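Beneath this line is the structure, given in structure tokens, with notes to follow.
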Amino acid sequence: MTDRQEGFRGWASDRKGAVSRLRFTSLRLRLVVVFGLVALTAAVSASGIAYWLNREAVLTRTQDAVLRDFQQEMQNRAGALPVHPTQDELQRTAGQMANSSQRFSVLLVGEDAGGKVVYGNSGGLSGFALDDVPTSLRKAVDKQQKVSESNKSTYHLYWQRVVDHGTPYLVAGTRLIGGGPTGYMMKSLEPEAKDLNSLAWSLGIATGLALIGSALLAQAAATTVLKPVHRLGVAARRLGEGKLDTRLRVSGTDELADLSRTFNDAAEALEKRVDDMAARDDASRRFVADMSHELRTPLTAITAVTEILEEELEAESGSMDPMIEPAVRLVVSETRRLNDLVENLMEVTRFDAGTARLVLDDVDLADQITACIDARAWLDAVDLDAERGIHARLDPRRLDVILANLIGNALKHGGSPVRVSVRIDGEELVIAVRDHGPGIPEDVLPHVFDRFYKASASRPRSEGSGLGLSIATENARIHGGSITAANSPEGGAVFTLRLPRDASALAEEGKDGGNTGPTGTTGAIGAAGESGAAGEKDA
């Protein structure tokens with residue numbers, strides 16, 4: 001691979017990691033979102049309250065100053081007018097009132113001596129007019145109040161805030177007590193509105209900065225909190241992969257440090273437990289292997305003696321005492337069974353130790369199955385459905401062990417005829433062995449390939465060792481295949497063997513492993529084939 005390809009792969013990996021950290025289901029993003037929402041809610045609430053308080057303060061202060069000035073001008077200037085002023089007097093007085101410190105527009109309304117309504121406007125003909133005053137305010141100003149202990153005046157000063165063409169205004173009005181003109185005032189609140197808009201923008205910017213700051217703070221907090229959690233997840237994943245020496249660096253005294261210490265203690269205890277179990281397992285395997293090897297020497301001598309005894313039993317001379325003939329037959333049978341068990345145990349230890357290897361050859365499936373059946377005299381009890389010319393590169397000896405166990409198991413527990421069919425499924429060979437027996441109980445199916453498993457507890461002693469199907473499974477696995485057991489809808493049990501058509505890759509991988517050793521003995525073939533019960537179904 002070139003440096004450019006390596007760089008691209010690294011960039012893609014980093015990008016994938018960043019995306020995975022930002023996905024919505026990640027704790028990091030949820031922390032940032034929660035922090036942001038809390039900060040946004042707090043900032044918006046604080047800004048809203050601050051804006052409302054400042055708005056009321058600004059408007060109230062401006063309003064009070066304007067109304068106080070207007071009321072004073074009405075008392076001083078409008079109060080000096082006669083009860084029936086002329087229009088010129090009203091106009092002059094309105095102009096003087098408008099020149100006060102607050103600079104508002106003034107409209108005076110009165111009656112001259114002839115009873116005619118006259119107006120005085122501080123802004124001339126195009127200035128403040130009576131139509132600019134809300135009707136509700138005019139009615140309130142003209143309404144005469146009843147004098148009482150709580151109300152000392154017949155007329156009051158009223159005000160109202162209005163908006164005209166987007167500009168806010170304060171409008172107020174009152175009447176002179178004891179007769180005289182009615183005065184109205186209009187003051188633009190546009191400067192205050194601009195100040196409030198500036199305040200709103202400032203609060204908005206502050207809210208945005210607070211949101212950004214909270215996101216950065218949440219990111220920092222998430223990194224601080226999640227970094228130990230991430231390290232813990234990586235360590236747990238490494239521990240799950242079998243790296244039992246994985247430990248976490250512990251710093252601090254917080255809850256995450258306590259969690260790291262707990263993880264380290266658990267990993268140390270697990271490593272010790274696994275080491276103890278591995279040591280016991282190795283000792284057990286060595287014991288079985290040593291025992292099997294040690295038993296072969298006396299078994300060889302015993303087998304030779306039993307063969308002589310068997311020849312005597314089969315001789316026509318009748319030299320064997322009839323009283324001891326059953327005992328001799330029992331010795332011969334049990335010796336053969338013990339020899340099969342020792343060979344099977346040796347085969348199992350090779351699988352456990354990883355020393356079993358494939359010796360591949362080009363195999364014609366139909367010829368191989370026929371040879372297996374013929375060698376064990378099963379031709380009359382087995383129907384073969386296999387086209388000639390189906391070739392595969394497999395280990396013939398191990399394939400023979402698999403077939404002998406599956407077919408022998410079907411004959412013993414299922415009954416004939418046993419049907420063996422071969423088909424090709426892509427790059428795999430599928431060999432199905434079906435019997436016509438009662439099938440396998442559902443509670444037994446998950447355990448038929450377990451070592452030494454026998455379905456019937458009342459028959460713990462049988463011709464088989466309970467290792468045949470387990471050995472068959474291991475032989476299939478070393479080819480890269482598998483064996484499954486099921487019940488056929490038409491009745492009987494079906495064992496399905498799947499093997500790759502070419503196991504060369506697995507054989508080369510085994511050579512590269514550097515672990516050499518014996519690949520098995522030919523005695524295991526004869527044992528599995530002759531007994532036909534190396535896989536105890538006992539259903």
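No experiment lies behind these values; they were computed from the predicted model shown. What you see below is based on every heavy atom in this structure, not just the backbone, and it leaves out hydrogens, waters and symmetry mates. Start at 1 with the first residue, then count along the sequence.
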Would you check if the side chain of [X] reaches a backbone N or O of [Y] as a donor-acceptor pair within less than 3.5 Å?
| X | Y | value |
| --- | --- | --- |
| Lys116 | Glu111 | no |
| Asn405 | Ala472 | no |
| Asn475 | Ile402 | no |
| Asn197 | Ala193 | yes |
| Ser122 | Val106 | yes |
| Arg501 | His391 | yes |

Provide the closest heavy-atom pair for [X] versus [Y] in the form atom of the first, atom of the second, distance.
| X | Y | result |
| --- | --- | --- |
| Val363 | Leu394 | CG2-O, 4.1 Å |
| Phe70 | Phe104 | CA-CZ, 3.8 Å |
| Thr93 | Ala78 | CG2-N, 4.1 Å |
| Val494 | Ser488 | CG2-CB, 3.5 Å |
| Phe449 | Thr484 | CZ-C, 4.1 Å |
| Val141 | Gly173 | CG2-O, 3.4 Å |

Please examine the side chains of [Y] and [X], heavy atoms only from C-beta on, and report whether any two atoms are closer than 4.5 Å.
| X | Y | value |
| --- | --- | --- |
| Val58 | Asp195 | no |
| Val109 | Pro181 | no |
| Ile431 | Phe495 | no |
| Leu211 | Thr207 | no |
| Met186 | Leu170 | no |
| Phe263 | Arg247 | no |
| Asn54 | Trp52 | no |
| Glu442 | Asn487 | yes |

Greater than 12 external heavy atoms within 6.0 Å of Asp64's CG:
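Yes, the 6.0 Å shell around CG holds more than 12 heavy atoms from other groups.
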
More than 12 heavy atoms of other groups within 6.0 Å of Glu241 CD:
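Counting other residues, nucleotides and ligands, CD of Glu241 exceeds 12 neighbours.
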
Decide yes or no on side-chain contact (heavy atoms from CB on, under 4.5 Å) for Arg231 and Leu248, but give the supporting numbers first.
CA-CA 8 Å; Arg231 287 201 302 263; Leu248 288 173; 4.1 Å; yes

Start with the C-alpha gap between Thr62 and Glu192, add the side-chain angles, then the distance that decides, and say whether side-chain hydrogen bond (donor to acceptor under 3.5 Å, both in side chains) holds.
CA-CA 8 Å; Thr62 302; Glu192 288 75 11; 3.2 Å; yes

Steps toward side-chain hydrogen bond (donor to acceptor under 3.5 Å, both in side chains) verdict (Ser482, Arg498):
CA-CA 5 Å; Ser482 63; Arg498 287 182 173 271; 5.8 Å; no

Apply salt bridge (charged side-chain N to carboxylate O under 4.0 Å, His left out) to residues Arg423 and Glu387 and explain how you reach the verdict.
CA-CA 8 Å; Arg423 62 184 176 87; Glu387 297 181 1; over 6 Å; no

Rounded to the nearest 0.5 Å, what separation is found between the [atom1] atom of [X] and the [atom2] atom of [Y]?
| X | Y | atom1 | atom2 | answer |
| --- | --- | --- | --- | --- |
| Asp502 | Glu427 | CG | CD | 9.0 Å |
| Thr473 | Ile478 | OG1 | CD1 | 13.0 Å |
| Asp164 | Asp132 | CG | CG | 7.0 Å |
| Met97 | Leu107 | CE | CG | 10.0 Å |
| Tyr158 | Lys139 | OH | NZ | 14.0 Å |
| Ser136 | Gln160 | OG | CD | 4.5 Å |

If we ignore angles and hydrogens, is there a donor and acceptor under 3.5 Å between the side chains of Asp112 and Thr86?
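No, no side-chain donor-acceptor contact under 3.5 Å.
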
Strictly by modelled atom types, are Gln63 and Arg161 linked by a side-chain donor-acceptor pair under 3.5 Å?
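The answer is yes; a qualifying pair exists.
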
From CA spacing to verdict: salt bridge (charged side-chain N to carboxylate O under 4.0 Å, His left out), Arg273, Glu268
CA-CA 9 Å; Arg273 180 68 61 85; Glu268 184 177 356; over 6 Å; no

Candidate pair Asp69 and Ser101, rule side-chain contact (heavy atoms from CB on, under 4.5 Å), full reasoning:
CA-CA 8 Å; Asp69 195 19; Ser101 59; 3.4 Å; yes

Does Asp258 pair with Arg261 as a salt bridge, N-O distance under 4.0 Å?
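Yes, Asp258 and Arg261 are salt-bridged.
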
Can you check side-chain contact (heavy atoms from CB on, under 4.5 Å) on Arg434 and Glu490, steps first, answer last?
CA-CA 10 Å; Arg434 178 194 166 198; Glu490 301 174 1; 3.1 Å; yes

CA sep, side-chain torsions, deciding dist, call: Leu365, Leu399, side-chain contact (heavy atoms from CB on, under 4.5 Å)
CA-CA 10 Å; Leu365 268 296; Leu399 179 59; 4.2 Å; yes

